[in-house]
Amino acid sequence: MLYKIGDIVKGKKFGPMDHDFSGEVEKVYENSIMIAIQDYDPSDQSGVNELNGRAIIRKDEAKMLKAVPRTAEDKEAEVEAEKEEAEKEAKKTTGKKATRARHSSKVRIEKPADKN
């Protein structure tokens, strides 16, 4: 999923946080997003303070609650990103099988020791 600044997302508990939380996306990285924590359990107040009100979470662990309006370009970019992700997954799958085959077909030949 493609995230944009301003999206509202839900994050899973981690580190000093004992409960799930939600907030607004402030920065988008390649595999993660930084969110300003806005909604959290009151018992996590010290954890939010420790994190200075922000958290960096993985994109695949974030859940979109409310998206900012998207343009046609954004939608095209999201489709392209999904295609690239599918291609990466396909390469990973075929790459592992090929590697296993190469390793299993290697034969070890030992040289006789020199007699001196």
Side-chain angles (χ1 to χ4, degrees):
M1 167 157 284
L2 234 101
Y3 293 95
K4 286 186 70 171
I5 295 173
D7 290 343
I8 305 297
V9 298
K10 182 177 182 179
K12 293 183 179 180
K13 63 181 182 175
F14 75 97
M17 305 293 285
D18 293 327
H19 303 89
D20 292 349
F21 54 92
S22 64
E24 183 177 341
V25 175
E26 287 190 338
K27 187 156 181 150
V28 179
Y29 301 100
E30 188 172 327
N31 295 312
S32 57
I33 52 177
M34 178 170 53
I35 66 170
I37 301 171
Q38 296 174 338
D39 185 31
Y40 55 92
D41 191 277
S43 65
D44 285 335
Q45 180 64 53
S46 63
V48 172
N49 292 342
E50 187 177 326
L51 296 169
N52 295 320
R54 291 186 173 94
I56 296 179
I57 58 175
R58 285 189 252 172
K59 286 181 179 178
D60 59 355
E61 289 185 356
K63 180 181 178 187
M64 181 75 71
L65 297 179
K66 182 180 176 188
V68 294
R70 301 293 201 250
T71 64
E73 291 175 356
D74 293 334
K75 291 176 183 175
E76 289 173 11
E78 189 167 353
V79 168
E80 188 64 33
E82 288 174 359
K83 284 181 185 177
E84 289 175 7
E85 187 64 32
E87 289 173 2
K88 284 181 186 177
E89 289 298 318
K91 286 181 182 178
K92 283 181 185 177
T93 306
T94 56
K96 288 180 181 178
K97 290 178 183 175
T99 303
R100 276 193 220 121
R102 277 196 305 264
H103 289 296
S104 64
S105 65
K106 289 183 180 178
V107 176
R108 189 174 198 167
I109 301 173
E110 294 186 21
K111 295 180 181 178
D114 289 335
K115 295 179 184 179
N116 287 355

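Nothing fancy with the numbering, it's 1 onward along the sequence. For clarity, every value in this text was computed on a predicted model and none was experimentally measured.
Within a 6.0 Å sphere centred on CD of E73, other residues, nucleotides and ligands contribute 12 heavy atoms or fewer. Surrounding NZ of K12 are at most 12 heavy atoms belonging to other residues, nucleotides or ligands under 6.0 Å away. For R70, the CZ atom is densely surrounded, since the number of other residues' heavy atoms within 6.0 Å is greater than 12.
Note on F21: it clusters hydrophobically with M64, by side-chain heavy-atom contacts below 4.5 Å among ILVMFWY residues.
To the nearest 0.5 Å, the span separating CG on D20 from CD on E61 amounts to 10.5 Å. With values rounded to the nearest 0.5 angstrom, K88 atom NZ is found 6.5 Å from E84 atom CD.
By the 4.0 Å N-to-carboxylate-O rule, K75 lies too far from E78 to be salt-bridged with it.
Side-chain atoms of D41 come within 3.5 Å of backbone N or O of S43 as a donor-acceptor pair. Judged by distance alone, with hydrogens and angles left aside, the side-chain atoms of D7 form no donor-acceptor pair with the main-chain N or O of A67 at under 3.5 Å. Side chain of D44 to backbone of D18: a donor-acceptor contact under 3.5 angstrom is found.
Across P16 and G47, no two heavy atoms sit closer than the pair CB-CA, 3.8 Å. Between M17 and L51, the closest heavy-atom pair is CG-CD1, 4.0 Å. Nearest heavy-atom pair, V68 versus K4, reported as atom, atom and distance to 0.1 Å: CG2-CB, 4.0 Å. Considering every non-hydrogen atom in both I57 and F14, the closest pair reads CG2-CE2, 4.3 Å. Looking at every heavy atom in both residues, A81 comes nearest to L2 through CB-CD1, 3.7 Å.
Considering only heavy atoms from C-beta on, Y29 stays 4.5 Å or farther from K59 through its side chain.
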Could you pull out all donor-acceptor pairs under 3.5 Å where a side-chain atom in residues 33-40 meets a protein atom, sequence neighbours excluded?
| residue | atom | partner | partner atom | Å |
| --- | --- | --- | --- | --- |
| Q38 | NE2 | E24 | OE1 | 3.4 |
| Y40 | OH | Q45 | OE1 | 2.6 |

